[in-house]
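A short worksheet on the structure shown next.
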Amino acid sequence: MHTGFGRRGLLGGLGGIMAASALPWDLALAQGAGTLRVGMTAAAVPLTNGVPDQGAEGHRFMGITLYDQLVEWDLSKADAAAVLRPGLATAWTVDPANPKRWVFTLRDGVTFHDGKKLTAQDVAFSFDRVLKTDAPHFDQRAAAFGRVRIPTVIRWEALDETSFALETSTVDSTVPYGVSWIGIVHQGAWEAAGKSWDAYNTKAVGTGPWKLESWSIRERAVLVRNPGYWDAARVPKCEKLVLLPLAEPNTRVAALRSNQVDWIEAPPPDAVPSLKQAGLEIVTNQYPHNWTWQLAVAEGSPWRDARVRRGANLAIDRAAMKEMLGGLMDEGAGLLPKGHPWNEVKGFKWAYDPAAARKQLAEAGVTPKTPLKTKIGISTSGSGQMQPMAMNEALQQMLKEVGIEIEFEVFEWNTLLSIWRDGWKAPSNRGITGINISFTAIDPFTAMIRFLRSDLTPPAGNNWGGFGSPDYDALIGRILSEFDPAAQDRLCAELHGKIVDDALFLFVAHDLNPRAMNKKVQGFVQARSWFQDLTPVRVTG
């Protein structure tokens, strides 16, 4: 049977266009053919410390603009998945005598925005900032977002001016992916800011294609072109990039329609037709992004019973959710979308089947007369969260029909990320047993391993719900020890099949990464990636 939830019923008036109103700051001075003004979904401007907050959106707009990383993503294509490419490192190799040791060869001739030449000592300083808790330049906020990306790194050093080495606690073939999150800064810039990372936020210095002109956490950041960028092909076409935190979807739409911004992230689905009619561009593309509920499965959680998890997944009408979102999603098929080389599920397949859902739940003692009542942590907005309030309210209605009654604890996005790092039993989580944090799924670690390995429970990693299984740990160990891409893909497909069969998440949607922009914005190539390259973008007329 169909739930009857359609776009109008589920969204209510969410996407209705509010009257355009002035933003709480003057954008008139930022207007001009050489300026790109972006309305982000974040409630605050990301930190400028090289490992920004505000989730992967923070990395998109502040991590890969002001900074470079040892290894970066090729974001130049719209018709193929993004792949890693050399960044500040021209090469990286595993020590044949010690597969836990990696050596990176640095690019020659790279300078920071303040003119200082890049050396391996700068790379070591940047890793100290994230991992060395007793260093005077340790940055707790950078550590909060960076340490979970490289949890196996235990030692690092500058071998000489042009070579940097790191060592991991276990063999870890995913290291190149992990270091792509760590922006490189230098000690002199931190010292020039009074040896204070708080003060550094307004004086940030990187090697990236953009330089920081100004930063105000609640208002905006202004970045300017770096004409001396080491990659001449990627010197920005725009003179300035203005980043604005506009968490509320309708506020973003109003700002775009009234020409207060040129580009917005995640337009609400009901606004899309009117935006198109107004001559604005809507750009989408498939990319590795997942919208789920991560469920606590440790002792004491109602989700510990696989029948409950399976019943909940069978109760979700993903087709109705897609209709609600105006087609701007693919139906959730696991942690990777259908067609991904790791999504070769041979066991339990998810579909909308309320009768089967009730049967699974009844076996676990859950019925509409004897409901399961629990709480889920959600956000009002945020990086990749799509339309979290409407989507979660829809899930709440669907689950209630089969005997699962959900209460929401609503957090601001950055706060939700913070409690994610605390773990589900921490007081900060307020008794929730599931958490709705969308995430990028670009490599074996970020897509799956970080949620499952038993030694990555908070604060070590993102195993928020306390999952632990010797079988899973053994398979993960095989993946991390496999350096052949084809063989690793086969192991990742096996791991993903287990995750889906065990219903370790509530699988809901795969985002299509919509953004809306004025037709004056030209040259943008929407990569199949969470991250996007803004350097080719021009704003005409």
Side-chain angles (χ1 to χ4, degrees), residues 55-56 81-82 148-149 151 173-174 177-178 286-297 303 306 309-310 312-314 316 318 321-322 329-352 376 383-386 388 391-392 395 417 420 424 434-454 456-457 461-469 471-473 475-476 478-480 482 488-513 528-530:
V148 296
R149 304 295 182 181
S173 60
T174 69
Y177 297 106
Q286 184 185 67
Y287 77 130
H289 175 252
N290 203 20
W291 200 97
T292 67
W293 285 0
Q294 186 177 353
L295 305 173
V297 295
W303 304 106
R309 302 193 302 269
R310 286 179 172 145
N313 269 286
L314 288 164
I316 304 306
R318 296 166 183 83
M321 186 75 77
K322 184 173 183 175
M329 63 163 266
D330 286 334
E331 296 179 27
L335 297 184
L336 289 310
K338 292 178 181 177
H340 191 283
W342 302 342
N343 192 345
E344 298 177 357
V345 178
K346 297 180 175 62
F348 195 83
K349 301 240 183 357
W350 298 116
Y352 175 53
I376 303 295
S383 167
Q385 291 290 83
M386 300 176 71
M391 292 173 73
N392 279 300
L395 294 177
L417 291 174
W420 191 36
W424 75 289
I435 192 166
N436 171 220
I437 290 183
S438 60
F439 57 89
T440 182
I442 53 180
D443 63 82
F445 180 78
T446 58
M448 298 181 287
I449 293 171
R450 58 177 170 155
F451 308 114
L452 303 169
R453 208 169 78 181
S454 58
L456 291 181
T457 54
N462 295 129
N463 186 349
W464 172 85
F467 180 78
S469 163
D471 290 345
Y472 276 79
D473 284 346
L475 180 52
I476 288 168
R478 292 169 62 198
I479 291 171
L480 294 177
E482 182 55 71
Q488 189 180 78
D489 278 347
R490 289 192 292 272
L491 292 171
C492 287
E494 183 180 345
L495 177 61
H496 186 256
K498 287 173 66 67
I499 293 167
V500 174
D501 194 45
D502 290 333
L504 296 180
F505 294 73
L506 189 69
F507 308 111
V508 180
H510 304 291
D511 191 9
L512 295 182
N513 206 13
R528 291 187 180 180
S529 170
W530 186 274

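Every heavy atom of this structure was used, including side-chain atoms; hydrogens, water molecules and symmetry mates were not.
Rounding to the nearest 0.5 Å gives a distance of 10.0 Å between CG of Asp511 and CD of Gln385. How far CG of Leu336 is from CD1 of Ile442: 12.0 Å, rounded to the nearest 0.5 Å. Summarising the geometry, atom CZ belonging to Phe439 is positioned 4.0 Å from atom CG belonging to Asn290; distances are rounded to the nearest 0.5 Å. Rounding to the nearest 0.5 Å gives a distance of 8.5 Å between CG of Asn343 and NZ of Lys338. The CE atom of Met386 sits 7.0 Å away from the CG atom of Leu512 when rounded to the nearest 0.5 Å. Distance check, rounded to the nearest 0.5 Å: OG1 of Thr457 to CZ of Phe451 gives 14.0 Å.
Annotation for Ser529 and Ala82: closest pair CB-CB, 3.8 Å, computed over non-hydrogen atoms. When all heavy atoms of Ile449 and Ile476 are compared, the pair lying nearest together is CG2-CG2, 3.6 Å. Between Ser454 and Asp473 the shortest heavy-atom distance is OG-OD2, 2.5 Å. Closest approach of Val148 and Gly461 over heavy atoms only: CG1-CA, 4.0 Å.
In this structure, Asn392 and Trp293 have side chains that are in contact, with non-hydrogen atoms separated by less than 4.5 Å. Contact of the Arg149 side chain with the Thr446 side chain is registered, since non-hydrogen atoms from C-beta on lie closer than 4.5 Å.
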Please step through side-chain contact (heavy atoms from CB on, under 4.5 Å) for the pair Met329 and Trp291, ending with a clear verdict. CA-CA 10 Å; Met329 63 163 266; Trp291 200 97; over 6 Å; no

Mind running side-chain contact (heavy atoms from CB on, under 4.5 Å) on Asn313 and Leu506 for me, showing each step along the way?
CA-CA 6 Å; Asn313 269 286; Leu506 189 69; 3.9 Å; yes

Apply side-chain contact (heavy atoms from CB on, under 4.5 Å) to Leu395 and Asn436, showing your working. CA-CA 11 Å; Leu395 294 177; Asn436 171 220; over 6 Å; no

Next on the checklist: Apply side-chain contact (heavy atoms from CB on, under 4.5 Å) to residues Arg478 and Glu494 and explain how you reach the verdict.
Outcome noted: CA-CA 11 Å; Arg478 292 169 62 198; Glu494 183 180 345; 4.2 Å; yes

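In this view, Arg453 and Asp455 satisfy the side chain to side chain donor-acceptor pair (under 3.5 Å) rule, not counting sequence neighbours. With sequence neighbours excluded, the residues satisfying side chain to side chain contact (heavy atoms under 4.5 Å, CB included) with Thr174 are Asp172, Tyr177, Pro444, Phe445, Leu480. Applying the side chain to side chain contact (heavy atoms under 4.5 Å, CB included) test to Ala296 and every residue at least two apart in sequence or in another chain returns Ser301, Trp424, Trp464. Not counting sequence neighbours, the partners of Asp502 by the side chain to side chain donor-acceptor pair (under 3.5 Å) test are Tyr472. Evaluation of the side chain to side chain donor-acceptor pair (under 3.5 Å) rule for Trp303 yields Thr433 as partners, not counting sequence neighbours. With sequence neighbours excluded, the residues forming a side chain to side chain contact (heavy atoms under 4.5 Å, CB included) with Ala56 are Trp181, Ser383, Trp530, Phe531, listed by chain and number.
For the pair Asp501 (side chain) and Gly497 (backbone), a donor-acceptor distance under 3.5 Å is absent. Looking at His510, its side chain does come within 3.5 Å of a backbone N or O of Ala333 through a donor-acceptor pair. Listed for the Arg450 side chain is no donor-acceptor partner under 3.5 Å among the backbone atoms of Pro151. Gln294 places a side-chain N or O within donor-acceptor distance of the main-chain N or O of Asn462, the cut-off being under 3.5 Å.
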